[in-house]
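Worksheet for the structure shown next.
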Amino acid sequence: MREGTTAPHCYDGKFIPELNPNVKPIDPSQLPKHFESRQEEEKWARRWEAAGIHRYDPSRPRAETFSVDTPPPTVSGSLHVGHVFSYTHTDVIARYQRMLGRNICYPMGWDDNGLPTERRVQNFYNVRCDPHEPYAANLEIAPASKNDGPPRKISRPNFIELCLSLTAEDEKAFKALWTRVGLTVDWSEEYSTIDRRCRRAAHISFLDLYRKGHVYSNEAPTMWDVDFQTAVAQAEVEDRKVAGHYHHLRFDVAGAGESFVIATTRPELLAACVGVTAHPDDARFQHLFGKQAITPVFQVPVPIFPSRQVDPEKGTGILMVCTFGDATDVFWWREQNLPLRQVIGRDGRFTAIEFGSPGWDTRDAAAANQAYSALTGKNIRQAKKIAVEQLRASGALTKEPEPIEHSVKFFEKGEQPLEFVTSRQWFVRLLDKKEQLLEMGDRIEWHPDFMRLRYRSWTENLNMDWCISRQRYFGVPFPMWYPVKSDGSPDFDQPILAPEEMLPVDPMSTPAPGFTERERGVPGGFTAESDVFDTWFTSSLTPQIVSGWLTDPGRYANLFPMDVRPQSHEIIRTWAFYTIAKAMLHAGSIPWRHVAISGWVLDPDRKKMSKSKGNVVTPMHLLDEYGSDAVRYWSANARLGTDTAFDQNVLKVGKRLVTKLFNAGKFVLSQTGEPGPVTKPLDLAFLASLARTVENATKAMERWDHAGALSETEQFFWRGFTDNYLELVKARSRSETDAAGRASAIATLRMALKTFLQLFAPFLPFITEEVWSWSFAEETGEPSIHRSHWPSLQASGGDPALFETAIACFAAVNRAKSEASVSVGRPVASLRLAANSGTAARIHAVLDDVLGAVRGSECGLEERSPLEDGAIEIAHIAFAEPQAG
RNA sequence: GGGCCUGUAGCUCAGUUGGUUAGAGCGCUACCUUGACACGGUAGAGGUCACAGAUUCGAGUUCUGUCAGGCCCACCA
């Protein structure tokens with residue numbers, strides 16, 4: 001631990017602050033009239049970077065280190081004020097920890113792979129990736145304009161090139177913003193989730209999971225987005241309420257001469273119906289179990305079976321099972337060993353099928369095929385319409401569709417309901433590890449604590465293993481090939497994994513080990529796995545990426561598990577959850593000790609800011625108008641986990657605080673005269689109050705309540721320091737007659753200013769550094785306040801009540817002046833104060849300072865015992881004539 | 001349907017383990033050109049602490065219920 005400034009101490013009843021007596025006062029006329037935030041911010045950002053203020057020192061031990069698992073922002077467009085908000089919270093924490101003497105590891109990453117980037121590139125250039133297109137070297141594509149026509153098809157490598165170049169541009173803009181905000185990020189620790197280091201980490205992660213038996217692939221129905229044409233994981237699925245209709249369809253019972261009516265929201269799936277089910281206790285349908293139903297239109301015989309999953313109250317109490325309408329259909333399909341009749345293809349359109357062929361039994365193949373041919377090639381909405389018409393024509397529709405609202409699963413980034421499509425996917429096995437995952441969550445400290453419940457409830461409700469393969473392009477590829485069998489098909493059971501020294505590898509452009517490129521895709525040769533990883537597969541490794549997992553054991557030991565993961569609450573189920581899972585599977589460890597959850601920024605109508613709502617406030621103009629410190633002030637005013645309405649008033653207050661610090665600093669540091677021992681009762685009393693403020697602010701920071709620390713500091717800065725103490729000692733600090741009093745005042749002023757600057761430094765890094773540089777940098781030998789030590793004032797031996805008494809006297813006279821509409825600067829000709837004896841004694845101790853502040857020359861004191869302790873009344877006051885000129 | 005958070009002045013928010021008369025800033029009103037700062041200062045007005053019960057000598061604070069807003073999860077025929 002570095003040597004911090006030692007606390008001032010008491011000696012022979014005198015308070016000796018640790019101050020250099022040979023300080024030179026500053027010349028205020030050399031300073032600008034106002035703090036020019038923009039100019040100063042750029043200046044300090046440059047100097048900090050040049051001086052390596054933010055640099056992590058790998059040589060220092062774990063105990064002195066504080067590591068931040070920074071969220072890599074998604075690089076797809078622009079940042080909004082919510083980003084600045086939450087990143088400021090992290091920055092305040094990191095700067096505070098640095099001032100405690102810690103070695104800060106605060107990297108910045110960019111999350112630039114995955115769908116958001118692909119979508120941005122598609123729109124920006126009006127292109128689509130078509131893996132069948134050949135690569136075009138030196139392809140020049142201009143940004144899209146309005147009338148570009150249909151998107152241009154480009155090859156996968158060309159598409160990836162565009163993704164890389166566009167994200168590189170965006171990252172520059174992001175970095176400029178973060179620098180402007182003053183994030184104390186170590187830019188030598190920059191990474192992006194598509195870069196070589198991250199691809200390699202993802203590959204090593206996959207190989208490790210594979211070796212440990214935690215991953216598997218299988219061909220099974222999985223949730224599928226028909227627009228993006230990829231599988232998705234449970235964590236990326238959300239429910240949305242949509243309008244739909246119940247369609248009541250009559251099914252005949254085979255050989256029984258009776259029928260029943262089911263209610264379905266998906267009549268278009270009738271062709272995929274493979275069964276009918278009802279609750280086993282439902283007397284209406286018990287006699288049907290074991291018989292066969294005949295589907296209308298297609299005339300397909302299907303089994304009728306009982307299932308406790310059925311809710312007799314819902315619909316008509318009996319329903320059709322299709323492959324696949326929803327997750328329960330998948331369950332029944334497995335449980336009853338029903339045939340697979342997949343009618344919806346990967347593109348969301350009805351595929352060509354032939355009734356009467358194996359697996360597609362029907363009593364009337366001609367009729368079935370004729371009906372189905374109308375559906376072939378149609379999308380779901382079109383098919384639904386046609387299917388309803390067919391049902392109506394056949395007489396199976398027993399009544400007109402009945403409108404209902406129901407919830408349907410959507411990919412969070414998608415616009416069409418998810419379908420269940422059978423495909424081969426890779427999974428990380430998690431369902432069998434819920435207990436361990438829950439235990440990991442409990443070992444982490446969550447701020448605020450109730451956020452752990454989000455993690456807990458998600459983990460408890462997990463019902464699918466983690467699907468990590470995506471049928472997309474701009475992502476980290478699987479480091480894997482498959483042998484090609486003699487029939488030309490891949491042998492999925494014998495994957496060829498890349499050896500570690502090959503990593504990272506793109507199996508699409510590199511042949512499998514032991515093969516040459518000529519053997520790609522031919523029997524006896526190899527074929528690449530063309531899928532890419534779920535972006536969370538890489539993002540969930542940020543602690544490992546930053547800490548040098550498997551590449552730098554010394555660094556890893558110093559950084560992992562990391563100290564804090566800052567993030568927002570809506571991605572607890574994805575980012576936090578997957579990161580915890582990865583750390584558990586790879587290292588049997590928690591990934592970090594703390595999670596700090598920032599709330600959302602809401603618009604004035606209390607709605608979450610989001611691009612789709614169009615209520616986003618961008619940060620740059622706010623930084624220009626109010627200054628970075630003011631924007632940070634607004635951010636830091638919000639406690640962790642609390643959503644905050646965007647309020648420009650708070651920015652104004654922040655700007656005011658910056659100005660006040662600037663001016664107070666100018667005043668204090670321009671006082672001429674040597675600081676000396678603090679002996680005056682008022683000074684000692686004020687320092688005692690200041691010590692209490694330091695203690696409270698420190699306690700607040702220690703309980704992760706940065707907003708509390710800020711408000712504690714701010715309150716005493718205004719009321720205690722600028723409004724009162726400064727006014728009370730102004731006269732004495734310039735006294736020609738009271739040398740000891742003047743030295744005491746100057747010492748106290750300087751020490752207070754230094755302390756306030758340090759308390760504010762994590763929140764307002766620019767203004768505090770600026771004022772620090774005027775004098776304290778030289779005096780302390782610490783060029784940057786951000787490398788100075790967090791203040792720890794010891795008791796000065798003063799009595800805070802004395803300070804309160806002085807404030808009360810000052811306020812009483814001011815009130816009298818205000819009531820008499822007299823200028824505060826007007827001298828007081830005569831004054832008589834009344835108080836009880838205890839208070840009077842305290843007044844006596846500070847009276848000369850009070851008189852100095854109110855411009856009085858003398859004051860009578862009278863004791864009135866009925867007055868409460870601390871209460872002060874003005875028995876008499878008279879003002880001098882205003883001075884001419 | 002289960003769970004969590006929030007509800008305090010016109011607005012944005014504090015209010016620690018229950019304890020005098022509920023706080024701050026903004027806004028509003030009046031006044032003050034003051035030698036750090038007019039990007040300033042002094043003073044003032046403004047609240048049934050969402051509602052109803054309960055516990056207690058005492059509740060903004062604890063408990064129960066209700067209402068309102070937000071979020072997480074589940075349900076998806």
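Lettering of chains follows the sequences in order, A, B, ..., and the numbering in each one begins at 1. It should be emphasised that the depicted structure is a prediction, and the values quoted were computed from it without experimental measurement.
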Proximity to the side chain of A:Phe450 - top-ranked nucleotide from B:rC5, B:rG44, B:rC37: B:rC5
Give me the distance, rounded to whole Å, that separates B:rA24 from B:rG15 when you measure between the P atoms they each carry. 15 Å
Out of B:rC39, B:rC37, B:rG41, minimum distance to the side chain of A:His34 belongs to B:rC39
Round to the nearest Å and state the distance from A:Asn663 atom CG to B:rU34 atom C1'. 13 Å
Look at A:Arg719 together with A:Glu804 and state whether they make a salt bridge at an N to O cut-off of under 4.0 Å. yes
Taking only the P atom of each, what is the distance from B:rU64 to B:rU21 in whole angstrom? 28 Å
Of the listed B:rU12, B:rC72, B:rA36, the closest approach to the A:Ala645 side chain comes from B:rU12
Send over the distance from A:Leu640 CG to B:rU6 C1', rounded to a whole Å. 17 Å
Map every base of RNA chain B to its dot-bracket character, where paired means a Watson-Crick or G-U wobble contact with both distances under 3.5 Å and | marks a partner outside the strand. (((((((..((((.....[...)))).(((((.......))))).....(((((..]....))))))))))))....
Taking only the P atom of each, what is the distance from B:rG23 to B:rG70 in whole angstrom? 32 Å
Sequence neighbours excluded, the answer for salt bridge (charged side-chain N to carboxylate O under 4.0 Å, His left out) partners of A:Glu238 is A:Arg240
Mind checking what makes side-chain hydrogen bond (donor to acceptor under 3.5 Å, both in side chains) contact with A:Thr264, not counting sequence neighbours? none
Length of the line joining A:Leu31:CG and B:rC37:C1', which is rounded to integer Å: 13 Å
Look at all strands and tell whether A:Lys666 reaches a base, only sugar-phosphate, or nothing, counting heavy atoms closer than 4.0 Å. sugar-phosphate
Counting side-chain heavy atoms from CB outward, which of B:rC39, B:rC32, B:rC75 is closest to A:Lys314? B:rC75
Which is true for A:Ile262 with a 4.0 Å heavy-atom rule: it touches a base, it touches only sugar-phosphate, or it touches nothing? nothing
For A:Asp311, report the nucleic acid contact type (base, sugar-phosphate, nothing); a contact means any heavy atom under 4.0 Å. base
What integer number of Å spans the P atoms of B:rA43 and B:rC5? 40 Å
Residues in side-chain hydrogen bond (donor to acceptor under 3.5 Å, both in side chains) contact with A:Glu412, at least two apart in sequence or another chain: none
My understanding is that only residues two or more places apart in sequence, or in another chain, count here; which of them pass side-chain contact (heavy atoms from CB on, under 4.5 Å) with A:Ala700? A:Arg703, A:Asp705, A:Ala709
A:Ile874: which residues meet the side-chain contact (heavy atoms from CB on, under 4.5 Å) condition with it, sequence neighbours left out? A:Ala812, A:Val813, A:Ala816, A:Leu831, A:Leu833, A:Ile877
Output one letter per nucleotide in nucleotides 23-30 of chain B: B when a protein non-hydrogen atom lies under 4.0 Å from the base, S when only the sugar-phosphate is that close, - when neither is. --SS----
At 4.0 Å (heavy atoms only), tell me whether A:Arg266 reaches a base, stays on the sugar-phosphate, or touches nothing. nothing
For B:rG58 and B:rG18, measure between their C1' atoms and round to the nearest Å. 8 Å
Does the side chain of A:Lys817 get closer than 4.0 angstrom to OP1 or OP2 of B:rC32 through an N or O atom? no
Does A:Ser711 reach a base, just sugar-phosphate, or nothing at all? Heavy atoms under 4.0 Å. nothing
Within this structure, what is the CZ-to-C1' distance between A:Arg855 and B:rC32, rounded to whole angstrom? 13 Å
Taking atom types as they are modelled, is there a donor-acceptor pair under 3.5 Å from the base of B:rC39 to the side chain of A:Thr659? yes
So, is A:Arg826 close to the B:rU33 phosphate, meaning a side-chain N or O under 4.0 Å from OP1 or OP2? no
Expressed as a whole number of Å, how far does the P atom of B:rA22 sit from that of B:rG46? 13 Å
For A:Gln234, answer base if it contacts any base atom (sugar-phosphate contacts may also be present), sugar-phosphate if it contacts only those atoms, and nothing otherwise; contact means non-hydrogen atoms under 4.0 Å. sugar-phosphate
Quickly, which of A:Phe763, A:Tyr626, A:Phe646 forms a ring-ring contact (aromatic ring centres under 6.0 Å, His included) with A:Trp634? Name it, please. A:Phe646
Pairing of A:Lys730 and A:Glu727 as salt bridge, 4.0 angstrom limit: yes
Of the listed nucleotides (B:rA36, B:rG41, B:rA74), which one gets closest to any side-chain atom of A:Trp718? B:rG41
Tell me every residue that passes ring-ring contact (aromatic ring centres under 6.0 Å, His included) with A:His247, counting only those two or more places apart in sequence or in another chain. none
Once side-chain hydrogen bond (donor to acceptor under 3.5 Å, both in side chains) is applied, do any residues pair with A:Ser821, and if so which ones, sequence neighbours excluded? none
side-chain contact (heavy atoms from CB on, under 4.5 Å) with A:Lys666: which residues, sequence neighbours excluded? A:Pro28, A:Leu31, A:Phe662, A:Asn663, A:Trp774
Less than 4.0 angstrom from a charged side-chain N to a carboxylate O is my criterion; do A:Lys699 and A:Glu695 meet it? yes
Mind checking A:Asp239 for me? I need base, sugar-phosphate or nothing, with any heavy atom below 4.0 Å counting as a touch. base
Contact check, side chains of A:Ser598 and A:Leu640, non-hydrogen atoms, under 4.5 Å: yes
Which part of the nucleic acid does A:Val310 contact within heavy-atom distance under 4.0 Å: base, sugar-phosphate only, or nothing? base
Which residue lies toward the 5' end of RNA chain B, A:Asn814 or A:Leu453, if each is placed at its nearest nucleotide? A:Leu453
Give me the distance, rounded to whole Å, that separates B:rA45 from B:rU6 when you measure between the P atoms they each carry. 32 Å
Across the strands shown, which category fits A:Thr644 at heavy-atom distances under 4.0 angstrom: base, sugar-phosphate, nothing? sugar-phosphate
For A:Ala293, side-chain contact (heavy atoms from CB on, under 4.5 Å) partners two or more places apart: A:Phe251, A:Phe260, A:Val276, A:Val302, A:Ile304
By nearest atom, which of the nucleotides B:rC5, B:rA74, B:rU34 is closest to the A:Trp458 side chain? B:rA74
Report yes if a side-chain nitrogen or oxygen of A:Lys660 is closer than 4.0 Å to either non-bridging phosphate oxygen (OP1 or OP2) of B:rG41; otherwise report no. yes
Just the atom pairs and distances: protein N or O near nucleotides 67-71 of chain B's N or O, under 3.5 Å.
from	atom 1	to	atom 2	distance (Å)
B:rC71	O2'	A:Arg454	NH1	3.2
B:rC71	O2'	A:Arg454	NH2	2.9

